[in-house]
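Shown next, in structure tokens, is the structure this report addresses.
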Amino acid sequence: MTDRFETFAMTISAMNRCIQKIKAREMETVGLKSTHVMCLYSLGKAEEGLTASRLCDICKEDKAAISRSVNELVQKGYASLDMGEEKRAYRTKIQLTPKGRETVKYINRRIEQALDTVGEGLDENQREQFYQSLSLIGENLQRYADTLQ
């Protein structure tokens with residue numbers, strides 16, 4: 001019988017390492033780091049922009065990591081901060097610049113290519129079942145981890 005823990009833990013770990021390697025290589029081509037991928041991707045889905053707090057929630061990263069990423073994206077011209085009438089920095093909206101939007105288009109194309117490649121051999125039904133199962137396992141794992149705190 002297959003050792004479920006070993007299969008689960010080792011496969012997830014190996015997949016994560018592969019994803020990090022792909023992110024690093026892809027971002028290297030545009031002068032960014034792998035840590036910027038999810039920020040850019042998430043901002044690309046939010047035309048009105050996102051607060052740093054919301055980015056933390058979406059990207060599943062801590063405040064310090066998001067703060068560093070956002071600062072670098074702003075410094076390099078990929079994002080801008082829109083204070084609007086807000087007096088508090090944590091409510092500041094982060095928005096993509098034209099350079100950032102072009103980079104998100106590139107990221108989205110590369111994501112599609114990667115997903116097409118890694119999903120080879122799966123039909124649409126299998127793919128849908130896989131993502132449903134993966135989401136359920138992720139939610140259950142998070143709930144279990146939360147009970148340990």
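- We find the SG-CZ distance between Cys59 and Arg54 to be 9.5 Å, quoted to the nearest 0.5 Å.
- Hydrophobic clustering, with ILVMFWY side chains joined whenever heavy atoms are under 4.5 angstrom apart, keeps Tyr131 apart from Leu122.
- Residues meeting the side-chain hydrogen bond (donor to acceptor under 3.5 Å, both in side chains) test with Ser135, sequence neighbours left out: none.
- The hydrophobic cluster containing Ile137 also includes Phe8, Ile12, Leu141, under a criterion of side-chain heavy atoms closer than 4.5 Å among ILVMFWY residues, counted directly or through chains of members.
- Here the straight-line distance linking atom CG of Leu115 with atom CD of Gln113 works out to 10.5 Å at 0.5 Å rounding.
- Sorted by first and then second residue, the pairs that involve residues 119-136 and meet salt bridge (Lys or Arg N to Asp or Glu O under 4.0 Å), not counting sequence neighbours, are Glu124-Arg127.
- Checked against side-chain contact (heavy atoms from CB on, under 4.5 Å), Asp116 has the following partners two or more places apart in sequence or in another chain: Glu112.
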Residues 98-106 side chain polar contacts: donor-acceptor under 3.5 Å, at least two apart:
from	atom 1	to	atom 2	distance (Å)
Lys99	NZ	Lys76	O	2.8
Arg101	NH1	Leu96	O	2.9
Glu102	OE2	Lys105	NZ	3.3
Thr103	OG1	Lys99	O	2.9
Tyr106	OH	Glu26	OE1	2.5
Tyr106	OH	Thr29	OG1	3.2

Please tabulate, for side-chain N and O atoms in residues 42-50, each donor-acceptor pair with protein atoms closer than 3.5 Å (sequence neighbours left out).
from	atom 1	to	atom 2	distance (Å)
Ser42	OG	Met38	O	2.8

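- Listed by first and then second residue, the side-chain hydrogen bond (donor to acceptor under 3.5 Å, both in side chains) pairs that reach into residues 60-73 are His36-Glu72, sequence neighbours excluded.
- The CE atom of Met27 sits 12.0 Å away from atom CD1 of Ile22, with the distance rounded to the nearest 0.5 Å.
- Under a hydrophobic clustering in which Ile, Leu, Val, Met, Phe, Trp and Tyr are joined whenever their side-chain heavy atoms come within less than 4.5 Å, directly or via other members, Ile58 and Ile66 fall into the same cluster.
- For Glu28, there are no side-chain contact (heavy atoms from CB on, under 4.5 Å) partners at least two apart in sequence or on another chain.
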Next item on the list: Start with the C-alpha distance between Arg17 and Ser13, add both sets of side-chain angles, then the distance that settles side chain to side chain donor-acceptor pair (under 3.5 Å), and finish with yes or no.
Entry: CA-CA 6 Å; Arg17 280 193 308 277; Ser13 181; 2.9 Å; yes
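- The distance from the OH atom of Tyr78 to the CG atom of Leu32 is 4.0 Å, given to the nearest 0.5 Å.
- The same ILVMFWY cluster, assembled from side-chain heavy atoms under 4.5 Å apart, contains both Leu134 and Val118.
- In this structure, the side-chain contact (heavy atoms from CB on, under 4.5 Å) partners of Glu6, at least two apart in sequence or on a different chain, are Asp3, Met10.
- Here the side chain of Ser80 pairs no donor or acceptor atom with the backbone of Thr97 at under 3.5 angstrom.
- Considering only residues two or more places apart in sequence or on other chains, Asp146 meets the side-chain contact (heavy atoms from CB on, under 4.5 Å) condition with Gln142, Gln149.
- Between Thr92 and Asp82, the closest side-chain pair of non-hydrogen atoms is not below 4.5 Å.
- Atom CD1 of Ile94 and atom CG of Leu73 lie 9.0 Å apart (nearest 0.5 Å).
- Looking at residues two or more places apart in sequence or on another chain, you find no side-chain hydrogen bond (donor to acceptor under 3.5 Å, both in side chains) involving Arg109.
- Asn140 has its side chain out of reach of Tyr144: every pair of non-hydrogen atoms, C-beta onward, lies at least 4.5 Å apart.
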